[in-house]
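Written below as structure tokens is the structure these notes are about.
Labels below follow one simple rule: chain letters A, B, ... track the order of the sequence lines, proteins then strands, and each chain is numbered from 1.
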Amino acid sequence: MLYAIFCYNDEKVTSAWSREEDAACMAALGAVQEGLKARKTLGPVARLMPTTAAVTLRKGKGEPLVIDGPFAETKEQLLGFYVVDCADLEAALQIARDLGVANPTGAYEIRPMMLFDPGTGIAALNR
Amino acid sequence: MNDPNWIDHALTAARPEAVAALLRYFRDLDIAEEAFQDACLRALKTWPANGPPRNPAAWLIMVGRNAAIDGVRRRAKQVALPDEAAISDLDDTEAHVAEALDSADYRDDVLRLLFICCHPDIPATQQIALALRIVSGLSVKQIARAFLVGEAAMEQRITRAKAKIAQSGVAYGAPGPVERAERLSAVAAMIYLVFNEGYSATGETIAARAPLCDEAIRLARLLLRMFPSEPEIMGLTALLLIQHSRSAARFDADGAIILLEDQDRTRWDRKAIGEGLALIDKAMRHRSPGPYQIQSAIAALHARAPGSAETDWAQIERLYASLEHFQDSPVITLNRAVALAKVDGPAAGLALIAPLEPRLSSYFHFHGVRGAFLMQLGRRAESRAAFDRAIALAGTAAEAAHIRQNIDRMMQEAAK
């Protein structure tokens, strides 16, 4: 079984970390990831930019609406995610709009990534 | 994650909201700060055993408010304190307070707290000191160190600034849209001042003052979280992030400034630049340009270029021209002239700055830029005179040294 693990924390708290504290945390996480990579059980790893860098494409009737900030409607749950490579926000929004045509309800949060590691492959998938 | 300082971080993170709400209840900065301190002491006692509350800010506001009310009562008639356990047991009420907080008044509370630090009667340096003390929660000692003054002198400045605020009266009602926009603009300017205070440090003062840049970015992010659809706040945050991204490349081993075109761009912080660029992308969608957005767009063009030669100077020149529409400043025209000279040559730059002479005759950079244009045009005697004038006006040894380098280069060229 493949699992996605999503990291949640209070941004107000993580932005109170000093650069050194942030680096120390990333190094400690990196060490755990190295172990998983050695066991061929780690796929892509991403760190997202703060929610202030995000926009949300709200789907529904008519033209989808682009709202500043993260998607924070607690009635709906995170169901999956895509990683796309785009020149700028407009290009990313266009992909979200195209996806929205195929799946016209709910919303897509478009959040830039700070770090992306595609992983070294999961052994079980290569069999 | 395993964060040994989690309580400190949670208290720092909750501070602006908590102090701002306590200020609304008590309408007195000293009482609000003291109430917050009391709440922090109780948090240090109870959180290690119980874990953090669901909403730390709501917990601190509730406990701080109770502690301050107790203090007032105690002073009034020496009544017994309520049971500590009764105050700490907030599970039922916490959610209610959090709900009340999660609204527009809480946003206006924090804006008000930031705004009172920008009181026009308070000098800029004191505004910054006050914001760092009250909103960021830096100690007087830390602030004194950043401003290179003694602790007692800084304490006195902050006390004086607070007294001025208390005298002048603060509007506690919910601000209207115009007033809110005015407050936002004053607060953005103050945050930019905090950043510049850190960014302008050189030599031995870098270590003491550089943390102000991080504080300014934290304040800008706080403002952006509260006003997520304000393109100018996106622009401000982007500007600070991109400028700060160069911090590792801005100084040589002696603490002297390395100019943008000579910096080792591999040492620029690409994560900070990436976040800045993302914010600019968002801001552009609003089609409502402003000075911070334009300045951040200029910074972004530098950040995107692999080197000075590959920089899109034509676009930078256009951006400075649009900045001139917002701010009538000869310094902006001077910057535009530098970009224009890269595109159309030094003669064009020289022509653009000629009318600025009366307003900038005692400005170091004016003579430095003018000298450089004249040097490129081969007008050595005039260039030398401009450079000498610049050296006479140099504010730091590093500025003078940079001009002397130009003179040396020109002498070498002449000798060839």
Residue R270(B) excluded, over 12 heavy atoms near CZ under 6.0 Å: yes
Selection from M234(B), H244(B), E215(B) maximising heavy-atom pairs under 4.5 Å formed with chain A: H244(B)
Segment of L279(B) engaging chain A (4.5 angstrom heavy-atom cut-off): side chain
Interchain contact, L93(A) with chain B, by part (heavy-atom threshold 4.5 Å): side chain
Minimum heavy-atom distance between K282(B) and G69(A), given as atom pair plus value: NZ-N, 3.5 Å
Side chain proximity check, E90(A) to R285(B), heavy atoms < 4.5 angstrom: yes
Approximate separation, where rounding is to 0.5 Å, of H9(B) NE2 and S15(A) OG: 10.0 Å
Structural part of R218(B) lying under 4.5 Å from a heavy atom of chain A: side chain
Neighbour count above 12 (heavy atom, 6.0 Å) for R145(B) CZ: no
Residues, nucleotides or ligands: over 12 heavy atoms within 6.0 Å of D98(A) CG: yes
E21(A) side, atom CD; D8(B) side, atom CG - distance, nearest 0.5 Å: 8.5 Å
Region of M114(A) that comes under 4.5 Å of a non-hydrogen atom in chain B: both
Distance in Å, T52(A) OG1 paired with R221(B) CZ, rounded so as to fall on 0.5 Å steps: 6.0 Å
F81(A), CZ atom: more than 12 neighbouring heavy atoms under 6.0 Å: no
Over 12 non-hydrogen atoms of neighbours within 6.0 angstrom of CZ in F6(A): yes
Beyond-backbone contact of D88(A) with M284(B), side-chain heavy atoms, under 4.5 angstrom: no
Straight-line distance of K271(B) NZ to L115(A) CG, nearest 0.5 Å: 6.0 Å
Region of A24(A) in contact with chain B, defined by heavy-atom distances below 4.5 Å: neither
When G276(B), S229(B), A14(B), G274(B) are compared by non-hydrogen pairs under 4.5 Å with chain A, the top option: S229(B)
Heavy-atom pair count under 4.5 Å with chain B, highest-scoring of A53(A), C7(A), S18(A): A53(A)
Student check: side-chain heavy atoms of K12(A) and P56(B) closer than 4.5 Å: no
